[in-house]
There are 2 protein chains.
Amino acid sequence: MSERAPEQPGREDIVTGIMRQWQQVHPGLDLEPIGVIGRINRCAALLQQAADAQLRPQQLTRAEFDLLGTLRRSGRPLTAGELTRETFASGAAVTKRLRRLEQHDLVERRIDERDRRVAHLTLTDAGRELADHTLPDQLNREQALLSGLPPEHREQLAERLAELLLLLEGSIGQISRAAN
Amino acid sequence: MSERAPEQPGREDIVTGIMRQWQQVHPGLDLEPIGVIGRINRCAALLQQAADAQLRPQQLTRAEFDLLGTLRRSGRPLTAGELTRETFASGAAVTKRLRRLEQHDLVERRIDERDRRVAHLTLTDAGRELADHTLPDQLNREQALLSGLPPEHREQLAERLAELLLLLEGSIGQISRAAN
DNA sequence: CAGGATTATTTTACGAGTGAAACACTTGCT
DNA sequence: AGCAAGTGTTTCACTCGTAAAATAATCCTG
């Protein structure tokens with residue numbers, strides 16, 4: 001399917017070529033941000049595509065699975081608002097996703113008695129089982145993807161990304177008040 | 001919701017906390033993929049949010065700007081199909097975006113005379129000006145975000161991401177026929 | 001040189017996400 | 001107590017993206 005040119009198996013990633021094109025069109029422009037940010041975006045797109053494909057048979061969206069995972073790892077009921085903040089999503093989106101998850105009997109809703117505005121969401125047994133089955137599966141396939149990288153490079157990548165993310169949370173995250 | 005310690009300004013990124021939660025719930029599970037992939041996804045989300053905000057005043061979507069940029073850096077007319085592959089998007093999405101860009105007189109369409117199925121798209125003068133004004137702007141703000149990282153860390157990050165992307169293009173990209 | 005296979009692009013029908021307004025409560029002020 | 005202000009969640013109207021079907025042209029191949 002790819003016998004293009006006398007090209008080596010995998011010499012360059014897509015972004016390298018993109019940067020070369022820009023350099024020819026705008027010589028002298030500092031393209032470093034593309035080398036970092038463009039690659040992050042492409043990697044994210046590919047990885048999300050892979051995750052979506054893996055969740056499709058379970059009839060779950062990545063965003064829905066994110067909710068299940070957030071409930072699972074928190075180990076206690078969360079309110080809709082907490083889920084909104086934890087999953088970095090809009091309130092409207094969370095409402096819709098919760099409706100679907102409730103319809104499929106994966107999460108349950110309990111109205112707070114003190115303050116009847118707030119809803120506490122919990123995983124049902126089915127929801128917990130689904131999460132507990134799906135997460136390790138997901139991690140295995142992801143680890144398989146990453147295994148093509150030498151372990152010390154994976155580790156370095158994680159460290160550098162942590163630095164960057166911390167930085168971005170500081171400079172961009174202000175509005176979204178990511179309440180940790 | 002988080003009684004963690006006399007919290008320092010920015011000691012940990014969000015993902016570190018998420019990993020700690022998982023470790024408590026599923027001890028023994030290998031969470032390394034979260035450290036890499038989870039962080040890539042979060043970084044991408046934040047960076048895209050920043051880019052969207054910056055493009056809003058220009059009345060452009062990030063995806064639309066991606067089309068303009070692709071045409072600009074290619075330096076020649078591209079067909080709709082080429083744009084589809086280059087921008088990593090679905091055909092339908094490209095059709096819609098091109099319609100909008102044509103309506104705003106940013107790109108022009110010319111039907112190929114040999115094969116009247118194919119459309120060649122070009123930037124108009126306005127489109128080129130917009131791209132030439134917006135890209136450096138974008139790069140400057142992105143460089144400003146990254147400038148919080150030591151230069152050698154930025155470089156290392158770009159290198160490691162290039163390795164990863166190359167790997168992912170090999171293992172995931174098969175379907176999407178990225179004909180380069 | 002006719003008619004099916006192939007290719008390039010658009011249309012259609014629909015699902016998912018969004019911001020703003022609405023709704024449903026509780027809190028605090030007087 | 002009464003009511004304005006505040007808070008948590010849902011609804012509404014809309015945009016954007018997608019997969020699959022439709023359209024439109026070209027390429028074979030006998």
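Values below: all heavy atoms of this structure, side chains included; hydrogens, waters and symmetry mates excluded. Convention: sequence-line order gives letters A, B, ...; per-chain numbering from 1.
Each of B/Asp115 and B/Thr61 lies near DNA chain D, and the nucleotide nearest B/Thr61 is the one positioned closer to the 5' end. Comparing A/Arg114 and A/Ala89, the nucleotide of DNA chain C nearest to each residue sits closer to the 5' end for A/Ala89.
For B/Arg110, the salt bridge (Lys or Arg N to Asp or Glu O under 4.0 Å) test picks out no residue, with sequence neighbours left out. Applying the side chain to side chain contact (heavy atoms under 4.5 Å, CB included) test to A/Glu142 and every residue at least two apart in sequence or in another chain returns A/Gln138, A/Leu139, B/Pro33, B/Ile37. The side chain to side chain contact (heavy atoms under 4.5 Å, CB included) test applied to B/Leu166 returns A/Asp13, B/Glu169, not counting sequence neighbours. Every side chain to side chain contact (heavy atoms under 4.5 Å, CB included) that B/Ala44 has, sequence neighbours left out, goes to A/Ile40, A/Asn41, A/Ala44, B/Gln48. Shown here are the salt bridge (Lys or Arg N to Asp or Glu O under 4.0 Å) partners of A/Arg100, two or more places apart in sequence or in another chain: A/Glu64. Taking the salt bridge (Lys or Arg N to Asp or Glu O under 4.0 Å) definition, one finds that A/Arg114 meets it with nothing, sequence neighbours left out. For A/Thr70, the side chain to side chain contact (heavy atoms under 4.5 Å, CB included) criterion is met by A/Asp66, A/Arg73, A/Ser74, A/Leu78, A/Leu83, A/Glu86, A/Thr87, not counting sequence neighbours. Judged as a salt bridge (Lys or Arg N to Asp or Glu O under 4.0 Å), and not counting sequence neighbours, the contacts of B/Arg62 are B/Asp52.
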Are there any protein N/O atoms within less than 3.5 Å of an N/O atom in nucleotides 9-12 of chain C, and if so, which ones and at what distance?
unit_1 : atom_1 : unit_2   : atom_2 : d
C/dT9  : OP1    : B/Ala80  : N      : 3.3
C/dT9  : OP1    : B/Ala119 : N      : 3.1
C/dT9  : OP2    : B/Gly81  : N      : 2.5
C/dT10 : OP1    : B/Arg109 : NH1    : 2.5
C/dT10 : OP1    : B/Arg109 : NH2    : 3.4
C/dT10 : OP2    : B/Thr95  : OG1    : 2.9
C/dT11 : OP2    : B/Arg99  : NH1    : 3.1

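For A/Leu83 and C/dG17, the CG to P distance is 14 Å, given to the nearest whole Å. Distance CZ (A/Arg97) to C1' (C/dT18): 11 Å, rounded to an integer number of Å. Atom CG in A/Leu60 sits roughly 15 Å away from atom C1' in C/dG15 (whole-Å rounding). Nucleotide C/dC25 holds its P atom 13 Å from the CG atom of A/Asp112, rounded to whole Å. Summarising the geometry, the separation between CZ on A/Arg62 and C1' on C/dG15 is reported as 15 Å, rounded to the nearest angstrom.
Between the side chain of A/Ser171 and the main chain of B/Leu145, no donor-acceptor pair closer than 3.5 Å is present. Remark: the backbone N or O of A/Gly38 is not paired with any side-chain donor or acceptor of A/Arg42 at under 3.5 angstrom. Remark: side-chain polar atoms of A/Thr79 are not paired, donor with acceptor, to backbone N or O of A/His120 under 3.5 angstrom. No donor-acceptor pair closer than 3.5 Å links the side chain of B/Arg160 to the backbone N or O of A/Leu157.
The rotation axes computed at either terminus of the helix from C/dC1-D/dG30 to C/dT30-D/dA1 lie 10° apart, taking five pairs at each end and rounding to 10 degrees.
Across all strands, A/Ala63 comes closer than 4.0 Å only to sugar-phosphate atoms, never to a base (heavy-atom distances).
Taking the 5' to 3' direction, DNA chain D first and last meets chain B under 4.0 angstrom from a heavy atom at D/dG17 to D/dT26.
The side-chain heavy atoms of A/Leu29 and B/Leu135, taken from C-beta on, include a pair separated by under 4.5 Å.
Shown for residues 38-45 of chain A: no residue has heavy atoms falling under 4.0 angstrom of DNA chain D.
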